[in-house]
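Structure first, then comments.
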Amino acid sequence: MGVYGNYIVLFIAILLAWVATLGTEFSVQAIGLAVGLLGSIAYLAVKAEAARRHLAELQRLRDAYTQLDQQAKHIIRTDVELHHTQEELDRRLASLMSLHVLGRQLQVSLRPEEVFSKLDAAVVTNFGFSKGLLGMSRSLDTLEWGSLVGITRPEAEELTSHLQRSGLLKQLLSHPGPTIVKPSSATDPAHQTLLKLLGVSFAVMTGVIPHTGPVGCLLLGRMDSGGINIKADEELVSILTNQIATSIENSALYEQSWTTQQALERKVQDRTRELAEVNAVLVRLNKSKSDFVSAVSHELRTPLAAIKGYASLLGSGQFGGLADPQVERIRKIEKHADLLTQFINNLLDIARIESGRITMEHASIPVEEFLTSIHDVIHPQLDAKHLQYVVDRDGVKELLGDTQHLQRVFVNLLSNAIKYTPEGGSIRFGLKREGNTLLATVTDTGCGIPKEDLPKLFQEFYRANDPINQQVRGTGLGLALVKRIIEAHHGQIAVDSEKGKGSTFTVTLPTT
Amino acid sequence: MSETLTATIGWSERPDAAQAGAEAAQQARDQLSCVTPQLAIVFGSSWFRQTALLQGVRSVLGDVPLVGESTAGEITTQGPSSHSCVVVLLGASAPWCSTGMDAEIDRAPREAGQQAAYAAVRGFQARQRAGFLLFGDGLVTSYAEVVRGIQETLGTSALIVGGMAGDDLRFTKTYQYCDGRVLSRAVVGVLVGGPVKLGVGIEHGFLPISKPRRITRASANRLLELDHQPAASVYEEYFGPELVARMRREGLTRQAIAYPLGIQRDASTQWLLRNVISFEGDGSLACSGEIFEDAWLQLMIGSRELALEAASKAAQQAVRPLNHVACVLIFDSAVRRTLLGSRCAALEIARIREAVGPSVPLAGCYTYGEQAPLGHESAYERTAIQTGSVLVVALGT
């Protein structure tokens with residue numbers, strides 16, 4: 001009860017002392033009254049104390065609540081900061097993702113115009129902006145918007161006029177790096193108008209300037225600038241601009257290379273067409289040549305047969321005896337007539353094969369018989385020069401083709417070998433099967449063929465400049481005819497030779 | 001049941017508005033075989049040219065009744081997206097819905113609500129009503145009156161749910177779609193019923209952080225005084241002068257929407273969340289919905305964990321009353337997407353999908369406000385606009 005209790009006890013003691021002076025009867029009543037009063041006062045005092053304590057508790061709670069509220073204020077402000085940081089991080093992340101996606105899209109842009117159309121709403125918003133314009137400049141005074149985000153075409157055109165009139169465009173295209181425009185720093189009236197036309201309170205603008213020179217500009221804008229990291233904006237816009245510039249360079253290079261390739265392709269097509277035309281003319285001329293050779297050969301063969309026949313008649317002595325010199329001359333006439341006939345026959349065969357008038361048989365030829373018949377033909381020449389002749393057929397039992405013509409081929413090759421191999425030398429005729437082909441080789445130990453003559457060896461009328469050739473007569477048609485017969489069999493012929501060490505002719509023939 | 005409700009969803013990210021609309025509509029139409037389309041709900045990014053977007057949709061769907069709105073982000077079964085168009089196509093063998101709209105909100109919000117509801121009722125004939133799906137303008141603050149107007153036509157026991165259109169956090173202009181028209185500052189709605197039933201779940205997951213303050217003076221959506229002090233000065237105590245100066249300069253900021261005002265009329269009712277939209281010259285705060293005098297107000301704070309938990313709860317509430325769920329519409333606050341960040345926002349949709357079942361088509365959008373009854377079915381008359389909430393509406397039988 002404290003101080004109040006002491007006062008109450010003192011008051012009651014004084015009251016009792018005063019009542020005692022008034023008499024006993026009155027005193028008893030008064031004491032009862034006083035006790036009742038004392039009890040009431042005590043009760044009230046207890047209640048008052050409890051209320052005071054509650055008030056004190058309430059005040060303490062109120063203070064604690066206020067303290068908690070103060071802490072809440074700190075928490076909110078900290079949370080705002082954290083939220084802001086988180087948002088900035090999210091924005092950076094979204095921007096980088098956007099850059100990545102845009103980079104991939106730009107990589108496949110094949111024309112600079114296409115690159116300028118790639119800025120879309122996703123990129124602009126992920127960069128934290130609400131408006132975006134990307135335009136192409138063909139000179140320092142022109143601007144053509146390729147991408148518009150959050151702005152209409154007429155509004156963009158008005159902006160273009162302002163950029164051109166105010167000189168901002170020239171400035172953008174001349175100085176690399178982003179320029180920040182915001183109301184607090186936009187003392188330049190041109191910048192203020194720019195913000196007004198864009199309908200934003202913050203803008204970043206920059207020229208797109210690859211190594212080849214300025215090609216366009218980028219403008220990004222948004223309403224709020226407070227709290228957002230402007231430095232980060234500058235960095236991101238720089239990266240974006242560099243990416244665009246690189247893509248433009250790449251697409252320009254691609255376009256250039258594409259144009260060059262197209263021009264080259266056109267040239268190739270032109271040349272191919274010209275060659276085809278020339279080839280057609282050549283084919284026509286070749287046919288005319290073959291026809292001419294064929295006609296001339298036919299025409300020559302008849303009188304030649306008459307010459308040979310009459311020479312033979314004269315030589316037989318039917319028209320009277322002849323002196324030896326006459327017989328000798330007639331024999332020469334016959335010999336040269338034979339050579340001429342052989343020459344004409346070769347010419348005729350070449351012409352026939354070229355024109356397709358001769359069809360090669362596709363018959364199975366027993367190798368044994370084939371080799372024997374060849375040997376029968378070349379045997380006298382081999383003996384005359386004492387040459388060693390070796391045949392290696394490696395188990396080959398048959399070959400496929402036209403017997404007569406293939407005999408002609410190998411007789412020709414072997415005759416040449418005999419012709420160019422000095423006495424005592426050797427000649428080898430080999431046969432070998434390799435998969436679906438038959439390899440036939442004629443190898444001699446002769447004088448060989450000069451390297452420079454090898455490519456021309458199978459040309460008609462070509463004869464190597466060789467001392468032996470000067471002694472040995474030939475038409476220059478033998479190997480040309482051999483080549484055509486082999487090709488008519490869908491085969492190939494090749495030669496390998498070294499001067500002074502001999503030659504090898506290899507014939508490849510299909511076996512199916 | 002012969003009259004089964006079927007729902008399909010189409011989605012397109014094409015940058016061209018008409019192509020995006022047409023592609024999304026075509027995807028939805030291709031999946032809806034053997035059933036007549038009865039209603040198309042379109043959620044379109046505000047970045048699109050809105051008229052072209054709607055033309056694209058209607059080039060595929062023709063005259064199918066259409067409602068929808070621009071968004072602050074779109075939602076599909078795969079998760080959140082941006083700069084895209086989502087088309088929900090609902091089909092049934094018989095009609096079960098009717099659309100209505102009114103664009104006179106600024107002049108007379110209550111009458112606008114009445115007219116929109118009346119137009120819907122007129123086309124609905126005498127079928128049993130399940131509810132009214134509302135699509136409003138997220139930048140207009142007079143929707144409490146609009147809803148009263150709707151209630152005057154449909155009755156106070158009518159279920160009114162929906163979302164307020166967004167504009168990708170630019171806060172300049174939002175759009176509502178009704179059939180072939182693109183509107184702003186309008187009310188668009190569709191009355192559904194017949195065999196179709198609606199299930200609704202709404203949660204926010206925000207918690208009060210400041211000490212409770214009595215709203216001593218308020219008028220419509222304006223908060224004038226808290227504990228007899230100007231509301232703006234109390235607000236500044238919490239956020240500091242710098243952020244408040246920014247808000248005064250620029251209006252609604254992303255930071256401010258992450259800390260909504262929580263209003264509680266008495267201790268037993270749910271929290272009503274409001275965003276501060278602007279600071280008025282007289283020291284009052286303009287809020288995103290109606291403010292009630294004598295109610296208690298506390299500043300709210302959210303966390304990712306609570307937000308995800310709230311999404312699960314809302315989805316569970318929505319599907320509980322239905323036997324068959326044809327599709328689920330999500331009206332998720334743009335605040336939540338900001339709060340959650342891209343990874344957790346995807347997780348939130350995954351949580352909803354998990355709760356409603358993986359085979360249920362799911363679509364929706366991020367909104368500037370969510371309209372739904374507070375509490376349970378018995379409290380339909382206490383429907384209100386929330387912010388910071390996730391509203392899950394299940395359509396089915």
Side-chain angles (χ1 to χ4, degrees), chain A residues 61-62 64-91 93-94 97-98 105 117-126 128-132 147-153 183-184 199-202 222-228, chain B residues 13-17 45-49 72-73 81-84 167-172 207-213 234-247 249-259 298-304 337-345:
Chain A
L61 283 173
R62 193 173 287 147
Y65 213 170
T66 308
Q67 279 173 7
L68 283 174
D69 197 43
Q70 288 298 331
Q71 285 173 14
K73 287 172 190 169
H74 288 298
I75 289 169
I76 287 172
R77 289 183 196 182
T78 311
D79 199 52
V80 165
E81 284 297 316
L82 284 173
H83 198 270
H84 173 64
T85 309
Q86 177 73 49
E87 198 174 292
E88 188 61 29
L89 277 173
D90 285 348
R91 192 171 75 91
L93 198 64
M97 281 301 290
S98 253
Q105 286 175 356
S117 67
K118 293 284 183 187
L119 187 76
D120 60 14
V123 176
V124 172
T125 45
N126 285 337
F129 292 90
S130 60
K131 302 200 174 183
S147 302
L148 297 176
V149 176
I151 189 164
T152 62
R153 180 68 57 183
S184 56
V200 295
S201 59
F202 174 79
R222 63 167 169 259
M223 270 316 290
D224 56 326
S225 61
I228 291 182
Chain B
E13 265 190 315
R14 280 177 179 265
D16 180 82
S45 168
S46 68
W47 287 101
F48 286 129
R49 283 183 299 117
S81 70
S82 295
H83 312 104
S84 67
D167 67 346
D168 294 281
L169 301 183
R170 286 181 289 172
F171 306 110
T172 51
L207 289 176
I209 185 167
S210 71
K211 76 176 181 185
R213 306 227 182 213
V234 177
Y235 197 78
E236 194 172 322
E237 282 179 28
Y238 290 92
F239 287 94
E242 198 183 317
L243 184 61
V244 169
R246 264 190 61 209
M247 288 180 74
R249 201 171 58 238
E250 295 159 5
L252 191 59
T253 60
R254 293 183 191 210
Q255 276 80 24
I257 60 173
Y259 310 93
Q298 280 183 273
L299 211 56
M300 310 292 278
I301 192 164
S303 76
R304 290 181 171 178
R337 194 182 192 184
T338 311
L339 178 74
L340 288 168
S342 56
R343 194 181 64 81
C344 283

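Proteins come first, then strands; the chains are lettered A, B, ... in the order of their sequence lines, and each starts at number 1.
With sequence neighbours excluded, no residue forms a side-chain hydrogen bond (donor to acceptor under 3.5 Å, both in side chains) with A:S147.
Using a 4.5 Å cut-off between heavy atoms, B:I301 touches chain A through its side chain atoms alone. Residue contact with chain B, scored on non-hydrogen atoms closer than 4.5 Å, is absent for A:N126. For B:S82, no part lies under 4.5 angstrom from a heavy atom of chain A. Both the backbone and the side chain of B:P212 come within less than 4.5 Å of a heavy atom of chain A. With a threshold of 4.5 angstrom between heavy atoms, A:I75 approaches chain B through side-chain atoms but not through N, CA, C or O.
Across all non-hydrogen atoms, the minimal contact from A:R222 to A:S130 is CA-OG, 3.5 Å.
Between the side chains of B:T172 and B:D167, at least one donor-acceptor pair of N or O atoms lies under 3.5 Å.
With ring centers used as reference points, B:F239 lies under 6.0 Å from B:Y259.
Atom-to-atom distance recorded for A:S98:OG and A:Q105:CD is 9.0 Å, nearest 0.5 angstrom.
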